[in-house]
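Here is how names work: the chains are called A, B, and so on, in the same order as the sequence lines, proteins then strands, and each is numbered from 1.
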Protein chains: 2
Amino acid sequence: MTIEAPDDYRLDAQVGFLLRKATQRHLAIFAALMPDLTPRQFAALAKLCELGPTSQNALGRATAMDIATIKGVADRLRAKGLVAALPDPADRRRLVLAPTEAGRASYAAARPEAHRITAETLEPLSPDERMTFVALLARLG
Amino acid sequence: MTIEAPDDYRLDAQVGFLLRKATQRHLAIFAALMPDLTPRQFAALAKLCELGPTSQNALGRATAMDIATIKGVADRLRAKGLVAALPDPADRRRLVLAPTEAGRASYAAARPEAHRITAETLEPLSPDERMTFVALLARLG
DNA sequence: GAAAACTCATTCGTGAACGAACGGAGCCTG
DNA sequence: CAGGCTCCGTTCGTTCACGAATGAGTTTTC
């Protein structure tokens, strides 16, 4: 792993490119092990089960999704019957989201798969390397 | 950095979530420093300048983009006048892409920015940590 | 030399990211 | 209480990912 000189640019060594490739591989693993939910849908459902009833914007912030993005994700989760939305009587701007019975069941069933997805994504690294990698990655967020 | 027990799932500690957040930050840096090209457009242009005339499919493989994705990226680069497309007389299925004069100039101008983008993305890490991180990340692609 | 197998490019559909603009609603300060 | 600031949700437009299907062209194989 050499640091390239300013006049020698190799795309394949750039963080952005490597991040994209690692993400691609991870998404393929995810789609194979959890075909019924997309990563964002699972993230939103997981956070919702963790937090309980939450406004749409707040859920977006908790899952690091754009306001426009969480809207679409929430709509698709509602269409699947995993999430219910009710207007907040105390604040009429708010749409309060909560997992349905089916949503909680789906989350409970998906959790072991989520661990497997993480494990398989990190599989090329040794246990020590995995810890190192995750710790460094967390600092780039 | 603890490894969570199977019954304690925290979204914020999952590789997929961290990858997404790191990518988000990187994309924001990219958009700020290279507003005229998207990361994929830059990647395609860079590979094209590196490889010379290349078929669309081959460029897709070289940049780790789906066939359907590279089509759109190539179309947008053509619309910007940075890339030209000609049918291959030797193989009439092929569309051969090549950078235009403007494309080469744009790439030459963008290269220093690309280095700055990489540097800024990795800025939270020490020089040693950067090497470690990039090496580990490369193995997850 | 003809059928089978493969390759190249295109198109369609779904899911997603995110900036920008918008209107409705609450809050805060003068 | 009125004007302004902020927040909430929605919609629009552009870009991208990727599976699937299709049609045209090329190579392989028998």
Between CD1 of A:I67 and P of C:dG23 the distance, given in whole Å, is 17 Å

When you measure from the side chain of A:K71, which nucleotide among C:dA25, D:dG9, D:dT10 comes out closest? D:dT10

Between A:R61 and A:Q24, whichever has its closest DNA chain D nucleotide further toward 5' is A:R61

B:F133 and A:F133 aromatic ring geometry - parallel, tilted or perpendicular at 30°/60° bounds: parallel

Can you work out whether A:A68 or A:K80 has the more 5'-proximal nearest nucleotide on DNA chain C? A:K80

Derivation of the side-chain contact (heavy atoms from CB on, under 4.5 Å) call for B:L140 and A:H26: CA-CA 9 Å; B:L140 293 184; A:H26 169 72; over 6 Å; no

Test: B:E129 and A:R139 ion pair at under 4.0 Å: yes

Within this structure, what is the CZ-to-C1' distance between A:R94 and C:dG24, rounded to whole angstrom? 14 Å

Specify the separation, in whole Å, of atom CG of B:D75 and atom C1' of D:dT14. 14 Å

Closest of C:dA25, D:dG25, D:dG9 to the B:R92 side chain is D:dG25

Would you say B:K21 has more than 12 foreign heavy atoms packed within less than 6.0 Å of its NZ? no

Whole-Å distance between C:dT14 P and A:R40 CZ? 18 Å

With the side chain defined as heavy atoms from C-beta on, A:D66 is closest, among C:dT10, C:dC18, C:dA25, to C:dC18

SB check A:D75 A:K71 (cutoff 4.0 Å): yes

Are any of A:N57's side-chain N or O atoms less than 4.0 Å away from OP1 or OP2 of D:dC7? no

Taking the nucleotide of DNA chain D with the nearest heavy atom to each, does A:L95 or A:L27 sit closer to the 5' end? A:L95

Could you tell me how far apart B:I70 (CD1) and D:dG19 (C1') are, to the nearest whole angstrom? 17 Å

Spell out yes or no: do the side chain of B:R93 and the base of C:dT7 have one donor N/O and one acceptor N/O closer than 3.5 Å? yes

Measure the distance from CD on A:Q56 to P on D:dC8 and round it to the nearest whole Å. 11 Å

If you assign each of A:G72 and A:P89 to its closest nucleotide in DNA chain C, which residue comes earlier from the 5' end? A:G72

Atom CD of B:Q41 and atom P of D:dT14 are separated, to the nearest Å, by 13 Å

d(CE, A:M65; C1', C:dC18) in whole Å: 13 Å

